[in-house]
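Only one structure is covered here, and it is reproduced in the block below.
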Amino acid sequence: MTHLSPWIGRVIGLALTIASPSIFAQAAPAPAPGTQPGVPRIQFSETTFDFGKVKPTDTLKHDFIVTNTGTAMLEITAVQPGCGCTTAGAWDKQIEPGKTGKIPIQLNPTSFSGPVSKGVNVSCNDPAQPSQYLHIQATVWRPIDVQPQYAYFMPVLGEETNETKIVRIVSNMDEDLKLEAPHSGSPLFKTELKTVRAGKEFELQITYLGAISNASPQGNISINTSAAVMPVLNINAVAMTQPAVVAFPSPLALPPGPFKAEYTCPVTVRNNSREPLKLSAPTVNVDGVKVTIQESDPGRMMNLNLTFPAGFQLKTGQSAELAVNTSHPKNPVLRIAITQPEPVLPVSQPVATPGGAK
């Protein structure tokens, strides 16, 4: 046994040497997240920027810096501001791994007063973050705030009104503000100025007194002030007349027929009058058409649901109309025309003569 021990030891050692690569091999560590080959990664140095206190005439621009921390080309495919007051300049559309780019954003503060907050959506090819949201804000300072600068009236045709709109005037200046009596450019708009806080806050009341007609009058209201930076305040008043009862769509335009199956479509009736509206006895002067009334907002908003039978097609020159009775004294019957294009006839193809024409 002693004589065989060295030989046995050599056999065992040889076996361990051959097997060791598979027995003792260690598994390769998994790559760290975000470092896999061929993956772009987007990272902003900041996603929010505050311009601080600004004037309405200031030009507000800021560059958002973006870095590609991945291992493939980062592509910025779209930059979409939330409204027209915010615009995006020419941004870096492709950013190599480890490099930085910029997305310039501009805010127009002309029509704002006080705190303003806007957003921008950024789209890219980062699979983990395909969309990023950038946020910009500012505080627009005006020596005198006038809100709103337009006073809109929506009078109903044929109805009297004494509606009053309120315009608030607030001074942001250190010195007290003095206002003279307002001057209205149209006698249809009556004005009254009240003091809320002496020298700081005022309330302008505007009442429309005009007779309601098809015209839409407007007028400018001016107020002289003691402020050298804004010696005159201007407020526009507009009265936009609307009908008491309105239907849409009007006319009702049907798709081409004949219909292969029943076709249903709605006509919406809106009541702009102060009194609730009732509809009754809807009819269509064409055979086979059914009409039902559905009140989505009782007395204010209603649907007339029209159902046309299969095979329906208006004849050439035929006049179709939907009529419904209303409870409005000046609009007892509401009429909506119905139109439909004539069917397109198939074009016949000439029959080929064997051997050609003789």
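The first residue in the sequence is number 1, and the count goes up from there. FYI, side chains are in, hydrogens and waters are out, and symmetry mates aren't considered; it's all heavy atoms of this structure.
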For Gln137 and Asp50, run side chain to side chain contact (heavy atoms under 4.5 Å, CB included): C-alpha distance rounded to whole Å, both residues' side-chain angles, the deciding distance at 0.1 Å, then the answer.
CA-CA 5 Å; Gln137 57 190 37; Asp50 190 348; 3.2 Å; yes

Could you walk me through whether Lys99 and Met73 pass side chain to side chain contact (heavy atoms under 4.5 Å, CB included), step by step?
CA-CA 10 Å; Lys99 302 294 184 179; Met73 182 72 73; over 6 Å; no

Kindly determine whether Glu342 and Thr316 satisfy side chain to side chain contact (heavy atoms under 4.5 Å, CB included), including the steps that lead there.
CA-CA 7 Å; Glu342 295 184 7; Thr316 301; 3.2 Å; yes

Could you go through the side chain to side chain contact (heavy atoms under 4.5 Å, CB included) check for Ile223 and Ile169 one step at a time?
CA-CA 11 Å; Ile223 303 175; Ile169 303 171; 3.9 Å; yes

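With rounding to the nearest 0.5 angstrom, the CD atom of Gln294 is 9.5 Å from the OG1 atom of Thr268. A distance of 10.0 Å separates CD1 in Ile293 from CG in Asn305, rounded to the nearest 0.5 Å. Here the CH2 atom belonging to Trp141 is positioned 7.5 Å from the CE atom belonging to Met173, to the nearest 0.5 angstrom. Taken from CG in Asn68 to CD in Gln94, the straight-line distance is 11.0 Å, to the nearest 0.5 Å. Atom CG of residue Leu279 and atom OG of residue Ser327 lie 7.5 Å apart, to the nearest 0.5 angstrom. To the nearest 0.5 Å, atoms CG (Leu177) and CG (Asn172) are separated by 10.0 Å.
Judged by distance alone, the side chain of Asn121 and the main-chain N or O of Gln80 form no donor-acceptor pair under 3.5 Å. Asp92 places a side-chain N or O within donor-acceptor distance of the main-chain N or O of Lys102, the cut-off being under 3.5 Å. Remark: side-chain polar atoms of Arg300 are paired, donor with acceptor, to backbone N or O of Asn271 under 3.5 angstrom. Here the side chain of Gln313 pairs a donor or acceptor atom with the backbone of Pro341 at under 3.5 angstrom. Proximity of a side-chain donor or acceptor of Asn125 to a complementary backbone N or O of Glu75 within less than 3.5 Å is detected. Proximity of a side-chain donor or acceptor of Glu180 to a complementary backbone N or O of Asn224 within less than 3.5 Å is not detected. A donor-acceptor pair under 3.5 Å is formed between the side chain of Thr77 and the backbone N or O of Ser123. Proximity of a side-chain donor or acceptor of Thr47 to a complementary backbone N or O of Leu134 within less than 3.5 Å is not detected. Although no hydrogens or angles enter the test, the distance criterion places a donor-acceptor pair under 3.5 Å between the side chain of Trp91 and the main chain of Ile76.
Here the side chains of Val289 and Phe312 are in contact, with some heavy-atom distance below 4.5 Å. Contact annotation: the side chain of Thr164 never approaches that of Glu192 to less than 4.5 Å [non-hydrogen atoms, C-beta and beyond]. Between Leu322 and Leu252, the closest side-chain pair of non-hydrogen atoms is not below 4.5 Å. When side chains are defined from C-beta on, Leu107 counts as touching Lys118, because their heavy atoms get closer than 4.5 Å. Using a 4.5 Å cut-off on side-chain heavy atoms (C-beta onward), Val286 and Gln318 make contact. Put simply, the side chain of Leu74 reaches to within 4.5 Å of the side chain of Cys124, judged on heavy atoms. Using a 4.5 Å cut-off on side-chain heavy atoms (C-beta onward), Phe64 and Val122 make no contact. Contact annotation: the side chain of Met301 never approaches that of Val269 to less than 4.5 Å [non-hydrogen atoms, C-beta and beyond].
A pairwise comparison of heavy atoms in Ala310 and Lys260 identifies CB-O, 3.9 Å as the closest pair. Of all heavy-atom pairs between Leu306 and Leu304, the closest is CD1-O, 3.3 Å. Of all the heavy atoms in Asn325 and Ala281, the pair that sits closest is ND2-CB, 3.7 Å. When every heavy atom of Gly70 is checked against every heavy atom of Pro97, the shortest pair comes out as O-CB, 3.3 Å. Arg335 approaches Ala323 most closely through the heavy-atom pair NH1-CB, 4.0 Å. Nearest heavy atom pair, residue Ile338 against residue Glu321, reads CD1-C, 4.1 Å.
The aromatic rings of Phe308 and Tyr263 sit tilted, their planes meeting at an angle between 30° and 60°. Between Phe189 and Phe153, the ring planes are tilted. Angles from 30° to 60° get that label.
Hydrophobic clustering, with ILVMFWY side chains joined whenever heavy atoms are under 4.5 angstrom apart, groups Tyr152 together with Met154. Side-chain heavy atoms closer than 4.5 Å link hydrophobic residues (I, L, V, M, F, W, Y) into clusters, and following such links, possibly through other members, connects Leu204 to Val146. Val39 is not connected to Ile95 by any chain of hydrophobic side-chain contacts under 4.5 Å among Ile, Leu, Val, Met, Phe, Trp and Tyr, and they are in different clusters. Follow the hydrophobic side-chain contacts under 4.5 Å out from Leu193 and you reach Tyr208 in the same cluster. When hydrophobic clusters are built by joining Ile, Leu, Val, Met, Phe, Trp and Tyr residues whose side-chain heavy atoms come closer than 4.5 Å, directly or via intermediates, Val229 is grouped together with Leu233.
Around CG of Asp297, the count of heavy atoms belonging to other residues, nucleotides or ligands within 6.0 Å exceeds 12. Heavy-atom neighbours of Lys93 NZ from other residues, nucleotides or ligands within 6.0 Å: above the threshold of 12. Atom NE2 of His135 is surrounded by more than 12 heavy atoms from other residues, nucleotides or ligands within 6.0 Å. Within 6.0 Å of atom NZ in Lys200, more than 12 heavy atoms from other residues, nucleotides or ligands are found, so the atom counts as buried in its surroundings. Dense packing is recorded around OH of Tyr133, with more than 12 heavy atoms of other residues, nucleotides or ligands lying under 6.0 Å away.
We find that Arg168 and Glu203 are joined by a salt bridge, their nearest charged nitrogen and carboxylate oxygen being less than 4.0 Å apart. Under a 4.0 Å N-O distance rule, the pair Lys165/Glu163 qualifies as a salt bridge.
With Glu201 as the fixed residue, the side chain to side chain contact (heavy atoms under 4.5 Å, CB included) test singles out one of Asp145, Val196, Thr195: Val196. The only member of Thr69, Asp126, Thr67 that meets side chain to side chain donor-acceptor pair (under 3.5 Å) when paired with Arg41 is Asp126.
Qualifying side chain to side chain contact (heavy atoms under 4.5 Å, CB included) partners for Thr110, counting only residues two or more places apart in sequence or in other chains: Asn108.
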